[in-house]
K.L.:
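Pasting a structure below so you can have a look.
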Protein chains: 2
Amino acid sequence: MTDGPGFGNTLVYLSLLIQRRYAQICADHDLTTAQAQLLCTVKDQPRGMGELSQLLGLAKPGLSGLVDRTERRGLVQRVASDRDRRACTVISTPLGKEVGNALYADVAARLPDIFGHLPAADRRVLEELVAGVPTDCGD
Amino acid sequence: MTDGPGFGNTLVYLSLLIQRRYAQICADHDLTTAQAQLLCTVKDQPRGMGELSQLLGLAKPGLSGLVDRTERRGLVQRVASDRDRRACTVISTPLGKEVGNALYADVAARLPDIFGHLPAADRRVLEELVAGVPTDCGD
DNA sequence: TACTTTGGTTCGTGCCACGAACTTTACTGG
DNA sequence: CCAGTAAAGTTCGTGGCACGAACCAAAGTA
């Protein structure tokens, strides 16, 4: 109650702003946010489907389709596991790495504009607070 | 460059966590995030389609469909404007208001958990910084 | 060798959102 | 008063996204 009408709701609003800007940046790189997310997850390290499912918070069919579409664009690739013949690992193609890195850099450069109204000191504080968010998402 | 690998990217990650939690809360109220967003925008004040298009960052067809689906669920309603016979205004039904308020409260209650790891003082600081985000989104 | 579990895919459904084309009404200028 | 243009929304077709249910094949186990 002391939260008043809403820290939570303000957070939602903020996340919408971020998502909108992010989607715009992704679009500039000819990516959807979902594909961008997949690409960045796989860019520096191969991942199994199950792992990705976990990391991206998707059910299996959703992920399967996402990988399909992203693979069709030549950004990622399924490779068979020699450990387990039914499993496959998703890796990034050279093109995918390139695009992923460019996107990453662009996001770092353009997205913080959202907080352009904040003095540098405040931004630093914010940065630190936000950085502390748990890497392991609460499902 | 002093941002290191990424304030921007951390923000994106944060926004994903928020969106995921938010989607979960919306689902608990039998809503999609898009419908929830529409509902909350209209809940306390009628809005024209153009205005909504602006506020939600959607093109006209997308909004039209969203209103269709939400109207079909009895949460909002199109009413004709007497000013302009081609325009219509979207208002919330009583059910919509009820659902919207419940959602709003639930979001306020459950979403800040994401920052459960922060001491109260830090959370307060964060709250203040976040609250300062411009209401007018940068298109 | 049978039984169960697990990794992924396919299928059908529904939401979401876009551009293009269209209809209706409002607003001009002559 | 009657064009012609502009604006508000809708419809249509397309495509991405993501879910549950059903399925197949390989792996593990009794």
Side-chain angles (χ1 to χ4, degrees), chain A residues 16 19-24 26-39 41-42 46-91 139, chain B residues 16 19-24 26-39 41-42 46-73 75-91 137 139:
Chain A
L16 285 177
Q19 287 293 312
R20 227 178 271 181
R21 180 88 88 215
Y22 182 55
Q24 182 57 58
C26 287
D28 290 348
H29 292 256
D30 203 18
L31 286 172
T32 65
T33 61
Q35 289 177 16
Q37 213 52 36
L38 170 62
L39 191 51
T41 308
V42 153
R47 305 274 192 179
M49 294 295 274
E51 205 177 352
L52 284 174
S53 181
Q54 174 88 17
L55 288 170
L56 302 179
L58 297 178
K60 305 252 214 79
L63 178 60
S64 216
L66 179 58
V67 171
D68 282 350
R69 290 184 295 270
T70 313
E71 191 170 26
R72 220 173 290 143
R73 298 198 181 178
L75 300 173
V76 302
Q77 203 174 341
R78 283 177 172 93
V79 300
S81 162
D82 42 354
R83 298 299 240 158
D84 185 335
R85 272 168 48 197
R86 64 209 151 135
C88 69
T89 305
V90 181
I91 65 172
D139 289 69
Chain B
L16 284 177
Q19 287 292 315
R20 224 177 273 182
R21 180 88 88 213
Y22 182 55
Q24 182 56 58
C26 287
D28 289 349
H29 292 255
D30 204 16
L31 287 172
T32 65
T33 61
Q35 291 178 15
Q37 213 53 36
L38 170 62
L39 190 52
T41 308
V42 152
R47 305 276 192 178
M49 294 293 275
E51 204 176 352
L52 284 173
S53 181
Q54 175 87 19
L55 288 170
L56 302 179
L58 297 179
K60 304 255 215 74
L63 178 60
S64 217
L66 179 57
V67 172
D68 282 350
R69 290 183 296 271
T70 314
E71 192 170 25
R72 218 173 291 142
R73 297 196 181 180
L75 300 173
V76 301
Q77 203 173 341
R78 282 176 172 94
V79 300
S81 162
D82 42 355
R83 296 298 237 163
D84 185 335
R85 272 169 48 201
R86 54 206 160 138
C88 69
T89 305
V90 181
I91 65 170
C137 78
D139 288 66

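In this text the structure is predicted, and so the values were computed from the model without any measurement. Heavy-atom basis, side chains included; hydrogens, waters and symmetry copies ignored.
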K.L.:
Taking the nucleotide of DNA chain D with the nearest heavy atom to each, does R83(A) or A34(A) sit closer to the 5' end?
P.N.:
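The 5'-side residue here is A34(A).
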K.L.:
In whole angstroms, how far is the C1' atom of dG14(C) from the CD atom of Q35(B)?
P.N.:
11 Å
K.L.:
Please list, chain by chain and in numerical order, all residues satisfying side chain to side chain donor-acceptor pair (under 3.5 Å) with R47(A), sequence neighbours excluded.
P.N.:
Q45(A), E51(A)
K.L.:
Taking the side chain of T32(A) as heavy atoms from C-beta outward, which of dG16(D), dC19(D), dA17(C) is closest to it?
P.N.:
dG16(D)
K.L.:
Taking side chain to side chain donor-acceptor pair (under 3.5 Å) as the test, write out the residues that go with D68(A), two or more places apart.
P.N.:
R78(A)
K.L.:
R20(B) has an atom CZ; how far is it from atom C1' of dC17(D), in whole Å?
P.N.:
15 Å
K.L.:
I'd like to check L31(A) versus L75(A) (side-chain heavy atoms, cut-off strictly below 4.5 Å). Are they in contact?
P.N.:
yes
K.L.:
Check the distance between dC18(C)'s P and L31(A)'s CG and give it to me in whole angstrom.
P.N.:
17 Å
K.L.:
Measure the spacing between CD of E71(B) and CG of L38(B) and express it to the nearest 0.5 Å.
P.N.:
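Atom-to-atom, E71(B):CD and L38(B):CG are 10.0 Å apart.
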K.L.:
To the nearest Å, give me how far apart CD (Q19(B)) and P (dC17(D)) are.
P.N.:
16 Å
K.L.:
Could you state the CG-C1' distance from L52(A) to dA18(D), rounded to the nearest angstrom?
P.N.:
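From L52(A) CG to dA18(D) C1': 15 Å.
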K.L.:
Scan nucleotides 3-15 of chain D nucleotide by nucleotide, 5' to 3', and note B when protein non-hydrogen atoms come under 4.0 Å of the base, S if they reach only the sugar-phosphate, - if neither.
P.N.:
---BBSBBB----
K.L.:
What residues form a salt bridge (charged side-chain N to carboxylate O under 4.0 Å, His left out) with D30(B), not counting sequence neighbours?
P.N.:
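Checked D30(B) against salt bridge (charged side-chain N to carboxylate O under 4.0 Å, His left out); zero matches.
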K.L.:
Any pair with a residue in residues 81-90 of chain B that passes salt bridge (Lys or Arg N to Asp or Glu O under 4.0 Å), sequence neighbours left out, goes on the list, sorted by first then second residue, please.
P.N.:
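Non-adjacent pairs meeting salt bridge (Lys or Arg N to Asp or Glu O under 4.0 Å): D84(B)-R86(B).
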K.L.:
Could you tell me whether a side-chain N or O of S53(B) sits under 3.5 Å from a main-chain N or O of M49(B), the two making a donor and an acceptor?
P.N.:
no
K.L.:
Could you measure the distance from the OG1 atom of T41(A) to the CG atom of L56(A)? Nearest 0.5 Å is fine.
P.N.:
4.5 Å
K.L.:
Calculate the interatomic distance between Q24(A) atom CD and dC18(C) atom P; express it in whole Å.
P.N.:
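Interatomic distance, CD of Q24(A) to P of dC18(C): 11 Å.
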K.L.:
Using whole Å, report how far CD of Q54(A) lies from P of dG8(C).
P.N.:
13 Å
K.L.:
Measure the angle between the two terminal helix axes of the helix from dT1(C)-dA30(D) to dG30(C)-dC1(D), five base pairs each, and quote it to 10°.
P.N.:
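Inter-axis angle at the termini of the helix from dT1(C)-dA30(D) to dG30(C)-dC1(D): 10°.
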K.L.:
So do the side chains of Q37(B) and T32(B) get within less than 4.5 Å of each other, counting heavy atoms only?
P.N.:
no
K.L.:
In this structure, how many angstroms lie between the C1' atom of dC15(C) and the CG atom of L38(B), rounded?
P.N.:
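Value for this atom pair: 14 Å.
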